[in-house]
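Structure, as structure tokens:
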Amino acid sequence: MVAPKRRSISLPIILSSVAVVLTATLLFGWIFMIARNMESVRETIGGNYWLLVGGIVSFATVISVIVLFTVFLIREIGEVRRQTGFIDSVTHELRTPLASLRLAAETLARPELAADRREQLRRMMLDDVERLSALVDGILDASRLSSGSREPGDLDEVDVGELVEDVVRELAVRHHLEAARVEVEVEAELSFVVDPHALRTVVLNLVDNAIKYSSSEPRICVAVRRCPGDKKVELAVSDQGIGIAKGDLKRIFERFYRVPEEAVRSRHGTGLGLFVVSALVKAMGGKVEASSPGEGEGTTFRVFLPLRDARA
């Protein structure tokens, strides 16, 4: 089926720009003509200068409204496009594991199926269910964060090294990777008080992204350390994957946003993972930033969180 062609937003932008320019030209032309013929204006309006001032203010207000409306319209069109892309991505993300589950279920119904093949299909079905569960959890997290309905989690002292190792093991199984593909460097005996679920979600999304947007043999490093001279913890996730163009670095934390390059679009994703990361990090009182030398040169995400200990 041929996808419907997207309507261009260039025409409304051009028309709005022309309207603003014409309106501004009329306003300044009006002021210029009045200034040149001030004597005749005085004779015409007498002492009612407030009419002149009121006209200028009204005209300026019209220009401002047109500009604001144009900006709002462009943003809304962009948001609708991102939501449409999100729906397409989610549909694809759902269709693939569901088709796999159906095929596995139909195959398991064969009585002559060997025991080892049954076990292989069972593991494959569990992988697909885990993938669907992760997708649903990500969408629910994004929905709660964007609506402000997510309740802050309970704070607890977390062993960061143990948490990171647990996440790496889970993702290695999910993506069928050797655990050695993800190098973990955590400062010895590093623990601090934080929302465990939020921190785990942040680490999971960042490492999962690093795996998805790397080659078939990824090399990823997860490093956690105390910031010297500062009461903060730095979590850095680096990869040698497809990288991010500088023009997209400021937008990748927006909800539904996905880098338009084909290298990104051809991979699984919904455009919610980094939005969830950014929102959770802010909720924990920290900040997140991304850097990349350019396309094809890898990416590094750094998360800075306040260092609280159990005695605080």
Side-chain angles (χ1 to χ4, degrees), residues 75 78-79 81-90 92-93 131 134-148 150 163-164 167-168 170-171 174-175 182 194-195 197-214 218 220-224 233-305:
R75 287 181 177 177
E79 182 70 9
R81 282 191 168 181
R82 287 194 294 271
Q83 290 179 6
T84 302
F86 165 73
I87 293 172
D88 292 342
S89 298
V90 169
H92 177 72
E93 291 285 314
R131 180 175 165 183
L135 174 64
V136 172
D137 287 344
I139 293 173
L140 289 175
D141 281 341
S143 176
R144 295 189 187 107
L145 288 166
S146 60
S147 65
R150 181 185 181 274
L163 183 146
V164 171
V167 168
V168 168
E170 177 182 331
L171 290 175
R174 183 187 301 178
H175 292 279
V182 183
V194 71
D195 178 348
H197 174 73
L199 180 59
R200 192 178 194 283
T201 302
V202 167
V203 176
L204 186 79
N205 282 354
L206 290 178
V207 178
D208 187 52
N209 257 26
I211 294 172
K212 285 193 298 187
Y213 297 109
S214 292
I220 296 159
C221 178
V222 183
V224 189
V233 174
E234 178 188 354
L235 162 69
V237 178
S238 304
D239 63 64
Q240 299 175 8
I242 62 176
I244 304 173
K246 290 185 179 180
D248 293 309
L249 284 173
K250 292 183 179 179
R251 302 195 60 193
I252 56 175
F253 296 107
E254 295 177 10
R255 187 176 57 157
F256 304 132
Y257 184 77
R258 297 194 75 200
V259 175
E261 275 71 19
E262 182 60 29
V264 174
R265 295 288 178 177
S266 61
R267 302 173 192 237
H268 297 299
T270 60
L272 291 177
L274 293 179
F275 166 76
V276 169
V277 167
S278 177
L280 287 177
V281 169
K282 288 179 181 177
M284 290 187 286
K287 68 174 183 177
V288 58
E289 56 188 36
S291 61
S292 174
E295 296 179 43
E297 299 186 54
T299 307
T300 298
F301 287 91
R302 289 185 174 84
V303 174
F304 299 91
L305 295 171

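One-based numbering along the sequence shown.
- The CD1 atom of Ile211 sits 9.0 Å away from atom CZ of Arg174, with the distance rounded to the nearest 0.5 Å.
- Within the 4.5 Å cutoff, side-chain heavy atoms of Phe253 are placed close to those of Val288.
- Val277 pairs with exactly one of Thr201, Val202, Ile252 by the side-chain contact (heavy atoms from CB on, under 4.5 Å) rule, that one being Val202.
- Taking CG of Leu171 as the start and CG of Leu204 as the end, the distance is 5.0 Å to the nearest 0.5 Å.
- Applying the salt bridge (Lys or Arg N to Asp or Glu O under 4.0 Å) test to every pair with at least one member in residues 234-246, sequence neighbours left out, gives these pairs: Arg225-Glu234, Glu234-Arg302.
- In this structure, the side chain of Ser292 does not engage the main chain of Thr299 through any donor-acceptor pair within 3.5 Å.
- Under the 4.5 Å side-chain criterion, counting only non-hydrogen atoms from C-beta, Val224 is in contact with Val164.
- With rounding to the nearest 0.5 Å, the separation of CD1 in Ile242 from CD in Glu295 is 8.5 Å.
- In this structure, CG in Leu274 is found 7.5 Å from CG in Asn205, a value given to the nearest 0.5 Å.
- Among residues at least two apart or in separate chains, salt bridge (Lys or Arg N to Asp or Glu O under 4.0 Å) pairs with a member in residues 200-209 are Asp166-Arg200, Glu170-Arg200, Asp208-Lys212.
- Between Val237 and Asn209, every side-chain heavy-atom pair lies at or beyond the 4.5 Å cut-off.
- The distance from the CD1 atom of Ile220 to the OG atom of Ser214 is 4.5 Å, given to the nearest 0.5 Å.
- Note that CD of Glu254 and CG of Asp248 are 10.0 Å apart. Values are rounded to the nearest 0.5 Å.
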List the steps and the verdict of side chain to side chain contact (heavy atoms under 4.5 Å, CB included) for Val194 and Val233.
CA-CA 11 Å; Val194 71; Val233 174; over 6 Å; no
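- Using a 4.5 Å heavy-atom cutoff, the side chains of Leu235 and Val222 are in contact.
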